[in-house]
Structure formats: C-alpha cells, structure tokens
Amino acid sequence: MKIPAVKGTRDFYPPQMAVRNFIVDGWKAASLRSGFEEYDGPIFEHLKMYQVKSGDEIAEQLFSLTDRGGRNLAIRPEMTPTLARMVNQQIHALPRPIKWFSVPRLCRAERPQKGRLREFFQWNIDIIGAEDVLADAEVIFCAVDYLKSAGLTAKDIVVKISSRKMLASLLEAVGLEDNQLAGVYAVLDKKAKIPDEAFEAMLQETLPDAAIRGKVRKVMSAVRLDDLSQAAALTEQAKAAVDELKRLFDLLEKMGISEYVQFDIGVVRGLAYYTGVVFEIYDRGRSPRALCGGGRYDNLLSDFGGPKVTATGMGMGDCVLEILLREKGLLRDGDLPTRKLDYYLVTADSSLGQKAVELAAAIRLRGRRCDFSYKGGNLGKQLKQADQSGAAKVIILGEEYSRDQMLVIKDMKSGQQAQAGWEAFLTSLSGA
RNA sequence: GUGGGAGUAGCUCAGCUGGUUAGAGCACCAGAUUGUGGAUCUGGGGGUCGGGGGUUCGAGUCCCCUCUUCCACCCCA
C-alpha cells in the first residue's frame, strides 16, 4: 500500500534540506548579530493557549488532538503563546531586556496555496521588557539586516511602518468610540488588498455615519508623518504617538536602513492585540506580498496570566521568502552543496580497499570530511564519483603507495597533483 | 469552505477525433575504459497512464466520484 505525503507538507530531500538550512542559518546568524538568544519550546501545547488570543473558533484552523489523559492539545500554529508562557514562568529571574529568537516548525490547518503550506518554518524575534521604540527599531533592523545579507536591496523590499497607538488616537479624535476600533482596523487593514469599491462598501457597513467616514478617509490619506503632525486637531495622545514614530524613523536612519523603511498609515494588521508600532515587510514586485509582519504587543504577557510587561517582535515565514529569493536569482537549485567533502578517496587496485577505509577513518578522526567509493572499479570510474561528490581533493591510493608508501593528493579544481607520505599527511591535518 | 486548470517513468513532458506489446529528453545502473574526473557512444532497469466506478468489442484518451497539486477567492496568529 502506497501512502502519500500529507496535504500541504514538504519532504526535504538533501537538495531541499540544503535550501532550508541556507535560510535558517541566515536567520540565526542575523539574530545572533543583533544579540538575540535562541530558545525553543514543545511542538504542542494546550489547545487553550491558542484560544486565549483568538477565540474558540481558532481550533478549526489548527491541528488538535486529545491525548490519552483526555487533554485537548494542539500542534503549535505560532510561537508567541509559547514564548509568553516561558517568559512568564521566569519573568522575575530574567535580565531585561529579554531578546530571544526561535525558528519553530509550525502547522496550520489552512488550505495550501502558493507561499502557504500546512507545515512551515517561521523566524521569530522578540524583545520583552523594553518600552522604548529603540526595541521596535532593533526588531526592524534585525529583519532588514537578514534580508540584506540574503542579497535583497531597497529596490526589492520595503518595510511599511505605522502605529496602532497613533491610529487609535487619531480615530478617536475624529469621533470613533473605543469599541468601534477593532472593527475599523479589520477594514482598514484590507485597504491595499482589495479594490476601492469593495473597500468603500466595507467601510460604509462598519461606519454608517458619512461625516465620520469622511474624516476617517482624510486621516488615512496621510502620506507622510508630517502631514499628520501639521494637522490642527491633534490630541495630546496623538501628538505623542506621532512623535514616537518620528523617533523610530530617526533611529532607523542612524542604523543606516532608512532607504528600506517608509511610513504607511495603511499598515494596520488585522490582529487585535497590537498596541503600538506595527510594520510589514513587502516584496516590491507586481503583486505585493508580505514577507514578514510584526509590532508591539504590550498586553501579551498579562493575557497569559503574567505581569504587565511590554513586548515587541516579528515573524517571518520560510515559504514566501524562498519564492522571492528564487525570483531574484539569489537562490538557485544546485547552488547549495548537500555535503562539503574535503577529501574523496580512490584506489587504483582493489587490494588497497582496506587501506582506503583506514585512511578515511583517520582523516575523519582528525576532523576533516571524507568519503570513498563502496564500489571500487577502475580509476576513471572512481574519479567520476569523486567529481560528483563535490569533494575539494581526491587522494589516490595506487602504485605510488604500493611502491613508495606515497599518497597522491589531487586538487579537483586545478587538477594538480602532489604526493605525501601517510603520516606526514595526517600530521598536516592535525596542525591546521 | 468556494470556483477554475492540471495529474502519463525519479524529473520535464509527447501521445492526433477512443484502436495492437505507452514514448522522448534528462537522471540512474552497466559496458566501451584494470592509472586519472566533467565528454561521447552502446545497452539496461524502471509506468496497475493518481485511485475507484461507469460507457464501449476496445479507454492514457469519453462520463461520474475521490485524492493530490497549481491558480483565484475566504481566512491569515
């Protein structure tokens, strides 16, 4: 019986695994460059963990199970609840700011489509316990630093930044009630993603009052931060939020990434729990795709039963990123070796097979990567295998060895050959 | 969850309006080639034509169901 792979999952054969490692290694290196520490948690949690933030209906969008003790569990669809749980548990012992990152494997029971699968990897970085926008700036910097290191330029991507705090105070200033905000956010978040008429219809449904609707449209038409700070009717709160954003942009400029970032009042994020700076990183291509999203969520820890501690962070999935890197020619099949052999051993005479095994083991014990042919065969065949293995050098055990105990070491790129005695060769490895 | 396209060898695909034992390129294995790799030539293995049912003398080809995949929606932590 042939059993297929589960819908929306990927098999990572060595070439795909090399791609995955390439991406994950880049994420980790960028995180470490910015001083983040790596953590991880279990791949499943209590189902309730995911219902706290998103309501009971979320259960339909994730993979859940009941264990033999009757506990309702779910495979993690996101990392943030686990992070909140872990940080809450040790909140009084951890030095702040807490700068942590993780690359969890996540599962969501959604319909798979381009750039979206049921199982994927997501880079998460979070800074907990730092209220200042400096923390938001660091999160954005780290994400941009990675994307730059992958070869993407300001022509390829853009970080669009806004602030929930600012938007809330602006909307309240034009007459919206507190309890209307969540609904309006959800609509505004759609603006760039749906046709204008559809957006108008949605807005009209949420805000029946035409006068208020007009004011909301006016607020949302702001292109630059200065448009807002010059507006007359700025409340104290709104002014503070605008100033905070200005400071964020100052910091990003000092960090040297101003060409990557821009203010965009249209970035709202659908999620209810953001409380301050919000941002999304987009591919500048024909159909804008979000590569990454994040923002400040100051209530998260308290939502999970902990103290009120501020937090900001972001998540970046591997699927869309890989598509973009391929489109930009920054990632090509065959570019990434599945193993990086230092040496490949070949024998000119099958009687030297034992010697090859002995030498291979000695090379490996000295920390070098080494492999040899199981099949033997003539030298031409074995050299072909050596070539396909991608090894930098080939060591030939042949006449020279039988006669003079000499190894022939061939550089596969230049084709040049040199000879060395067994012990002398091994000694040269120990030294390096 | 809704709508549309597509599933033929490991991969990319061909297979005309239904008609003998289903093909190509690449990949893989072997030989030419028992002392030097990327090339060439020759040969070989490998397919219940995604699965099930139906129509027919006869189905890769037509019809229905189902699975998978891609695209557009819905959703998006």
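Note on naming: letters A, B, ... go to the chains in the order of the sequence lines (proteins, then strands), and numbering restarts at 1 for each one. Everything numeric here is computed off the predicted structure, so don't read it as measured data.
Here A/M79 lies out of heavy-atom contact (under 4.0 Å) with every strand. Using a 4.0 Å heavy-atom criterion, one finds that A/Q382 contacts no nucleic acid atom at all. A/G415 comes within 4.0 angstrom of a nucleotide base, judged by non-hydrogen atoms across all strands. When heavy atoms are screened at a 4.0 angstrom cut-off, A/L106 is found touching no nucleic acid atom at all. Within the nucleic acid shown, A/G8 comes within 4.0 Å of sugar-phosphate atoms alone, with no base atom in reach, counting heavy atoms only. Counting any heavy atom pair closer than 4.0 Å across all strands shown, A/Q51 reaches no nucleic acid atom.
Between A/A109 and A/V6, the residue anchored nearer the 5' end of RNA chain B, judged by the nucleotide with its closest heavy atom, is A/V6. Between A/L62 and A/G380, the residue whose closest nucleotide on RNA chain B is further toward the 5' end is A/G380.
B/rU17: no Watson-Crick or G-U partner with both key distances under 3.5 Å is found in any strand. If you check B/rC28 for Watson-Crick or wobble pairing at under 3.5 angstrom, you find it paired to B/rG44. Nucleotide B/rG7 forms a pair with B/rC67, judged by Watson-Crick or G-U wobble geometry with both contacts under 3.5 Å. In this entry B/rA39 has no Watson-Crick or G-U wobble partner, no candidate having both defining distances under 3.5 Å. Pairing for B/rU2 goes to B/rA72, judged as Watson-Crick or G-U wobble with the two contacts each under 3.5 Å. Across all strands shown, nothing is found opposite B/rU61 as a Watson-Crick or G-U wobble partner with both distances under 3.5 Å.
Closest contact between the side chain of A/D387 and the listed nucleotides B/rC75, B/rG38, B/rU36 involves B/rG38. With B/rC28, B/rC74, B/rG37 as the candidates, the nucleotide lying closest to the side chain of A/K410 is B/rG37. Nearest to the side chain of A/Q388, among B/rC76, B/rC28, B/rU36, sits B/rC28.
Taking atom NZ on A/K393 and atom P on B/rU36, their separation rounds to 22 Å, with Å as the unit. Atom pair A/K7:NZ and B/rC67:C1' shows a separation of 8 Å (rounding to whole Å applied). Atom pair A/D11:CG and B/rU69:P shows a separation of 11 Å (rounding to whole Å applied). Between A/N378 atom CG and B/rA32 atom P the separation is 8 Å, expressed in whole Å. Across the protein-nucleic acid pair, A/Q113 atom CD and B/rC76 atom C1' stand 9 Å apart, rounded to whole Å. Computed from coordinates, the A/Y374 OH to B/rA30 C1' distance equals 21 Å when rounded to whole Å. Atom CZ of A/R111 is separated from atom P of B/rC70 by 11 Å (rounded to the nearest Å). Taking atom CG on A/L379 and atom C1' on B/rU36, their separation rounds to 5 Å, with Å as the unit.
For B/rU36, neither phosphate oxygen OP1 nor OP2 lies less than 4.0 angstrom from any side-chain nitrogen or oxygen of A/K384. For the OP1/OP2 pair of B/rC70 and a distance below 4.0 Å, the side-chain nitrogens and oxygens of A/K114 include no atom meeting the criterion.
Taking 3.5 Å as the limit, the base of B/rC75 and the side chain of A/R108 contain no donor-acceptor pair of atoms between them.
Separation of the C1' atoms belonging to B/rC16 and B/rA22 is 15 Å when rounded to the nearest angstrom. B/rG25 and B/rG46: their C1' atoms are spaced 16 Å apart (whole Å). Taking atom C1' in both B/rU21 and B/rG15, one finds a spacing of 16 Å when rounded to whole Å. If you take atom C1' in B/rG23 and the same atom in B/rA9, they sit 10 Å apart, rounded to whole Å. Taking atom P in both B/rG19 and B/rC63, the straight-line distance is 15 Å, to the nearest Å. Annotation: B/rU8 and B/rG60 have their C1' atoms spaced 7 Å apart (nearest Å). Rounded to whole Å, the separation between the P atoms of B/rG31 and B/rG37 comes to 16 Å. B/rG18 and B/rC76 have their P atoms separated by 48 Å, with the value rounded to a whole Å.
With A/R96 contributing its side chain and A/G129 its backbone, the two residues share no donor-acceptor pair below 3.5 Å. Side-chain N or O atoms of A/R368 include none that pairs as donor or acceptor with a backbone N or O of A/I363 at under 3.5 Å. Within the 3.5 Å criterion, the main-chain N or O of A/Q385 finds no donor-acceptor partner in the side chain of A/Q388.
With 3.5 Å as the limit, one finds no donor-acceptor pair spanning the side chains of A/S31 and A/E38. Between the side chains of A/S302 and A/N299, no donor N or O sits under 3.5 Å from an acceptor N or O.
The only option from A/D126, A/T275, A/T310 that meets the side chain to side chain donor-acceptor pair (under 3.5 Å) definition with A/Y297 turns out to be A/D126.
Ion pairing between a basic and an acidic side chain is recognised when a charged N comes within 4.0 Å of a carboxylate O; A/R296 and A/E244 show no such pairing.
Taken to the nearest 0.5 Å, the CD atom of A/Q416 stands 13.0 Å off from the CD1 atom of A/I409.
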